[in-house]
Amino acid sequence: MASSSVLDRFLSSLADFVKTRDGPKLQDFLQIEPPLPPIYTQMVDELRQRYPADDPQSDAALLRRCEALVSGPRSKGGSGGSGASTWTAFPTFVKLYFTFLRDVNLENLLETYNLLKALVNQCVLALGDSQMGVIVLPTVLYLSKVLAKLAMGLDRRPELIAHLLRLEGGSEENVEKVTLVEKSANVVREAFIKCLTDRSGTPGVHGKPEGKRLGIYLMANLCLKLLFQCGKLRNAEQMFASISAQSPPLTYFPASQRVTYLYYLGRYLFSNNLFFPAQIALQAAYDQCHRQALKQRHLILTYLIPCNIIMGRFPSRQLLERPEAQGLANHFVPVCRLVARGDYIAFRQHLAGDSPATEWLARKGVLLPLRNRCEILVWRSLARKVFIHGGFHGDPAPQASRGPPPFLYLHKLEAAVRWLQSQHSASPFKPLSMNAKPGNQPSHSKYGSQIICKPADPDFAGLITNASPALPTPPAETAEDPFSKYADYLCPEGYFDAQGTYRANAPGTLVDGRLDTDYTSLELNPYPDRPDQGGETQESSPMMDEIESILASLLTQALMRGYLTHRNPRFAIPGARLKGALPTGFPPVWSTIYARERDDALVPGWVQVPSPESAAARANPFAAAVAGGRVVNLSGARPAGAQ
Amino acid sequence: MSNTTQSTNQAEASQQPQQQKPPVLEEDDEFEDFPVEDWPQEEAEQANGNNGHLWEESWDDDDAGEDFSKQLKEELKKVEASKQ
């Protein structure tokens, strides 16, 4: 009777699949995710009867049954069969599979997770076998997906296991907690490495996907999904580097794997500020994605669009009207409009932390790149408009070949900035224009940025107004000053005497007597060498310094072309006779960035079919691209005192 | 570490019934598996051959009649006048 039991039949089927190396069938039998077909319930009943969990002999007996799977007569004496009998990881895995089915308690999802993780781990060990491992590849993928699904589900519904984690928690305050999602990513990464390092056939970039290498991108994509979910993108870097070094070309893999991989790769590059290669990867993902896969196409666009905006390429109306772009226009079109308008304060307000527009952008992880990278484009627009309306455009007479080049007095840009500040001081958004007084003459403090006004940190409130008049301290006053200024130190309410006893101190009494200290020399002045620049007669002002910095940054990035003069500050556009001042001085952003980046079209992490000339460049594309300069951040242009 | 604090908070918050919403939003963020494994490139392209113009490379706003430009122009005129 025993031979006709479900368990026996199940085991003999598994043995057949191992013999015929039928991975897909093996996976099909090793079902784990509820609801399981009734036959599995029957098998679980048998397991509980014949190998009960509370019998210490059960596991060993069950393992012996499973060992027969790989030491059958055929694999023992057969050709090349010696590998099979050393495949000890497989019987251990199958035994774990049975005990999992027998013991799993879905009431305790944390325990379920741990059991499942142990099962996947063991399956990955079985995958490691150089001859037989490939048979469990489909099973590893299937189980990993179930594990990922459970981990991500619990990540979204933490209340399901919060009470169990609390029980487990105890005194591990100092230990860095690794989330279930991250733990799962680590397991899946092991499987990925086993696939990538398969030495059968032709390995590396010249090989075709065969054997375990068929699973490289399946495992990589699952691992990336988990890493993105738990926010540990940095852990993906090694994966991309290993893929660059060892994977067959991506193009040999099925479209679903290619698109998914390019999506994650693009997002990874995007989050590392490598916008140009990110754009290539995301555009390729979009171009290769099935046209009916609207959800996936929508997600790709969610990152492809901001990536392009940052590099000065805005989504066309045609693109935004596609069904997969539904809803995206609401988030991105206002940003594009503000960039083109040139009102940097409105741009900042739109993307400020408390603005309703930012919630979605922040959740998608594109807010900070947009805010930090697009502001320089806003300044380009503002400078361009001021030039249009207030610049010298060159002598219009066709004969005038010797006149001065077109130029813009920077005091006009300064006036435009002050005008913008006064405009916004009248608006309900106060915080950015705190220092602006009513009327058109905003009065500024001498410290910090003149371009951006933020409310003072409460900890430092009052510091500026007190410090400003006190700076050129007249020496005559110093004798009295310390006692009012440092009273809390010199005349405290109480002190500890030599015996360590606390003594109260009468108000105004010097605890240490009169000291010969010259307090003026100890005065803490954060701006000791700053010359007084308040005078109307001087050409330069702190705001002009900032404007010059910003324009210099634009020129360095070639987003504007020409030169600056510092004395009598001007931006001049030489060589504009042929094309005109505007196209020469303010070339389109995208064409500038494209011209700079196109020669370096290698996307780190994306393995291409090797061509003879690219062999040298492929040596270490990852490091090369990371080292290459990309869009420069505006923050470098701010003077040191900026708030 | 912060993850754990957050999850505890969420756990407490989610005792309330209206907390069903965030998970739904999160699900949108997930790049789902494709229902088919492979497809020819033709199936990736737009059915109506509409693959053309996706990106605007010149977006400079040269409409002098637009409010912002108009006001800026006025303002710069004032600056010019005050210098003379």
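No experiment lies behind these values; they were computed from the predicted model shown. The chains referred to below are lettered A, B, ... by the order of the sequence lines, with proteins before strands, and numbering in each begins at 1. All heavy atoms count here, side chains included; hydrogens, waters and symmetry mates do not.
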B:F68 and A:W419: CA distance, side-chain angles, deciding distance, ring-ring contact (aromatic ring centres under 6.0 Å, His included) verdict: CA-CA 11 Å; B:F68 180 79; A:W419 168 69; 5.8 Å; yes

Short side-chain to backbone donor-acceptor contact, B:E80 and A:G390, under 3.5 Å: no

Residues A:I309, B:W55; criterion side chain to side chain contact (heavy atoms under 4.5 Å, CB included); working and verdict: CA-CA 9 Å; A:I309 293 175; B:W55 306 105; over 6 Å; no

Part of A:S381 within contact of chain B (heavy atom distance under 4.5 Å): side chain

Cation-pi, B:W59 ring and A:R317 (6.0 angstrom, 45 degrees): no

Max heavy-atom pair count under 4.5 Å with chain A, selected residue of B:L76, B:D33, B:V36: B:L76

Gap separating the CD atom of A:Q292 from the CZ atom of B:F34, nearest 0.5 angstrom: 12.0 Å

Intermediate values then yes/no, side chain to side chain contact (heavy atoms under 4.5 Å, CB included), B:L54 and A:Q283: CA-CA 11 Å; B:L54 301 188; A:Q283 183 72 54; 3.8 Å; yes

Over all atoms of both residues, closest heavy-atom pair of A:A415 and B:V79: CB-CG2, 3.5 Å

Contact winner vs chain B - A:V386, A:L582, A:I388, heavy-atom pairs under 4.5 Å: A:V386

Neighbour count >12 (heavy atoms, 6.0 Å) for atom CD, A:E321: yes

Donor-acceptor pair between B:E43 and A:H290 side chains, under 3.5 angstrom: yes

Best-contacting candidate, A:G312, A:A293, A:G231, A:A416, against chain B by heavy atom pairs under 4.5 angstrom: A:G312

Expected output: side-chain A:R341 to main-chain B:S69 donor-acceptor under 3.5 Å: no

Closest non-hydrogen atom pair, A:Q296 against B:E32: NE2-O, 3.1 Å

Electrostatic pair B:E30-A:K225, nearest N-O below 4.0 angstrom: yes

Contact leader toward chain B among A:L304, A:L420, A:L160, A:L382, where contacts are heavy-atom pairs under 4.5 Å: A:L304

Parallel, tilted or perpendicular: rings of A:Y263 and B:F31 (30°, 60°): parallel

Residues B:D60, A:K385: salt bridge by 4.0 Å N-O rule: no

Cationic N near anionic O, under 4.0 Å, B:E56 to A:R313: no

Gap separating the CG atom of A:D287 from the CD atom of B:Q41, nearest 0.5 angstrom: 7.0 Å

Portion of A:Y264 that has a non-hydrogen atom of chain B nearer than 4.5 angstrom: side chain

Per-residue contact mode, A:H411 against chain B (heavy atom under 4.5 angstrom): side chain

Residue B:E66 versus chain A: region with a heavy atom under 4.5 Å: side chain

Derivation of the side chain to side chain contact (heavy atoms under 4.5 Å, CB included) call for A:H389 and B:K77: CA-CA 8 Å; A:H389 299 298; B:K77 266 188 198 153; over 6 Å; no

Heavy-atom contact with chain B under 4.5 Å, split by part of A:N221: neither

Residue B:E37 versus chain A: region with a heavy atom under 4.5 Å: both

Pair A:R384 + B:D61, salt bridge at N-O below 4.0 Å: no

Distance, nearest 0.5 Å, that separates OG of A:S316 from CD of B:E57: 11.0 Å

Interface moiety of A:R337 toward chain B, non-hydrogen atoms closer than 4.5 Å: neither

